[in-house]
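When reading the values below, keep in mind they use all heavy atoms of this one structure, side chains included, and skip hydrogens, waters and symmetry mates. For ligands, and for the atoms within them, numbers begin at 1 and follow the listed sequence. Bear in mind that the values here come from a model prediction, so they are computed numbers and not experimental data. Quick note: residue numbers are just sequence positions, from 1.
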Amino acid sequence: MIFEQQLFKRFWHLVCHRREIQNHGDFVRFDSPCGEVVVFNDNNSYVAFDNLCPHRGARIYSADFGNQAASCQYHGWTYFNGKILVPNKADFNNCDVNKASYNTYLLDWCGDFLFVGISPSKSLYTQLDATAEVLENISLNIEARHDFSRYKYECFWPLAIENALEPYHISMIHPNTLATLELSDGKNVLCEDNSIWYAPIGNSRIQKQIAGLSRFSDIDYKYEGYISIYLFPFTIISSTYGLSYSLQNFFPSSPTDQTEYTNFTSRLLTVNAKSDRAREILKPFFDATAVTNRQVFEEDHSICKKLPKSSWNFNRPKYSADSEIKLLHFRDICKKFSLSLDC
Ligand code: FES
Ligand SMILES: [Fe+2]
């Protein structure tokens, strides 16, 4: 089995926040190197599965997210309350149709963040290490999903991840967006396979403006600067001042796809507001943040497209700036994991 599939199988992956699937029928769908993964709310239980009907294999969900019963459009098999309801069940005499079930995956929570695992090699909290406490705190302050965007990054997935792991490119690639924050070098914390970058904001005007908006939020956790948390292997969460969080998944394409690309999904998750009035006041700021984030990702995508697959390997690059330390850490972890597969 190829490297990407092993990474997908052996690790937990952050797929959504509790608020994204809080009602019966709410779902989020992903493409992964191991096929599709859907997480949905089944009458207030949560189910993750491969999006394939156990009857004759039709896909159940085709949208990226939404609210829809887990019902197959071909012959009407429907998953409800943990069971598959089969129309005309008495006509199934040559098989035990009661045994039909979805091909489900494991789920676990860190605070209000939901993780999916196929056959993870560690418990979720062991995998997350010190990032778990930060994630719990963040997740419990989130109120809603404000924006959802998805497209295919036309590049090999480690290159997209590495681009997100180093701030060295910010002034060149994001001069009118991210660079305006004037982030300082800050501090990198390596937590097992994961890492966190805490960077103070140098632009005092922006700092003041965002700090001013904070009084409309009802939160008990924030980093007063820019924070970027990398969850090995495919997920990044970043935030400016803890008012909203950008959750990004970089899932590799399937080995059966003809060209190499990255299934990129980004969501803007916004935090609890103090009141309805405060929510109204914060809305234009969150709208503007969603637009800026989309622009930042487009800027990243446009440079990532210029990186050929052959520019990546498991070894550390010959030349690297101090600010590229998380990238070096990423390559080391990939190499270690790859070697563990060879044994
Ligand atoms: S393929 Fe789904 S009900 Fe027949
Ligand atoms: Fe970037």
Problem - Where ligand 1 meets Tyr74 - atom numbers and elements under 4.0 angstrom, heavy-atom basis - result: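 Those atoms are 1 (S), 4 (Fe).
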
Practice task
Considering the heavy atoms of His75, write down every atom of ligand 1 situated less than 4.0 Å from one of them.
Solution key: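 This gives 1 (S), 3 (S), 4 (Fe) as the contact atoms.
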
Handout entry: Of the N, O or S atoms in His55, the one nearest atom 4 (Fe) of ligand 1
Key =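 The His55 atom nearest to atom 4 (Fe) of ligand 1, restricting to N, O or S, is ND1.
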
Handout entry: For atom 1 (S) of ligand 1, closest protein heavy-atom neighbour
Key =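 Minimum-distance protein heavy atom for atom 1 (S) of ligand 1 reads Arg56 N, 3.3 Å.
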
Exercise for the section: Give the ring-plane orientation class for Phe65 versus Phe148, where under 30° counts as parallel, over 60° as perpendicular and anything between as tilted. Expected result: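 Tilted.
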
Practice task
Please work out whether the ring planes of His13 and Phe234 are parallel, tilted or perpendicular, with thresholds of 30° and 60°.
Solution key: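 Rings of His13 and Phe234: parallel, as their planes differ by under 30°.
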
Problem - Phe30 six-ring face occupied by Arg150 cation (under 6.0 Å, within 45°) - result: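 Flagged: Arg150 positioned over aromatic ring of Phe30.
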
Practice task
Take Arg19 and Glu143 through the test salt bridge (Lys or Arg N to Asp or Glu O under 4.0 Å) and record every step on the way to the result.
Solution key: CA-CA 7 Å; Arg19 292 293 173 97; Glu143 178 177 275; 5.4 Å; no

Problem - the Fe ion (ligand 2) to nearest N/O/S of Glu299 below 2.8 Å - result: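 No - counting backbone and side chain alike, Glu299 has no N, O or S atom under 2.8 Å.
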
Practice task
Could you walk me through whether His169 and Asp300 pass the side-chain contact (heavy atoms from CB on, under 4.5 Å) test, one step at a time?
Solution key: CA-CA 9 Å; His169 72 277; Asp300 282 323; 3.2 Å; yes

Practice task
Please state whether the separation between atom 4 (Fe) of ligand 1 and some N/O/S atom of Cys72 is under 2.8 Å?
Solution key: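 No, outside the cut-off.
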
Handout entry: Contact flag Cys53/atom 4 (Fe) of ligand 1, N/O/S atoms, threshold under 2.8 Å
Key =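 It does not: Cys53 brings no N, O or S atom closer than 2.8 Å to atom 4 (Fe) of ligand 1.
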
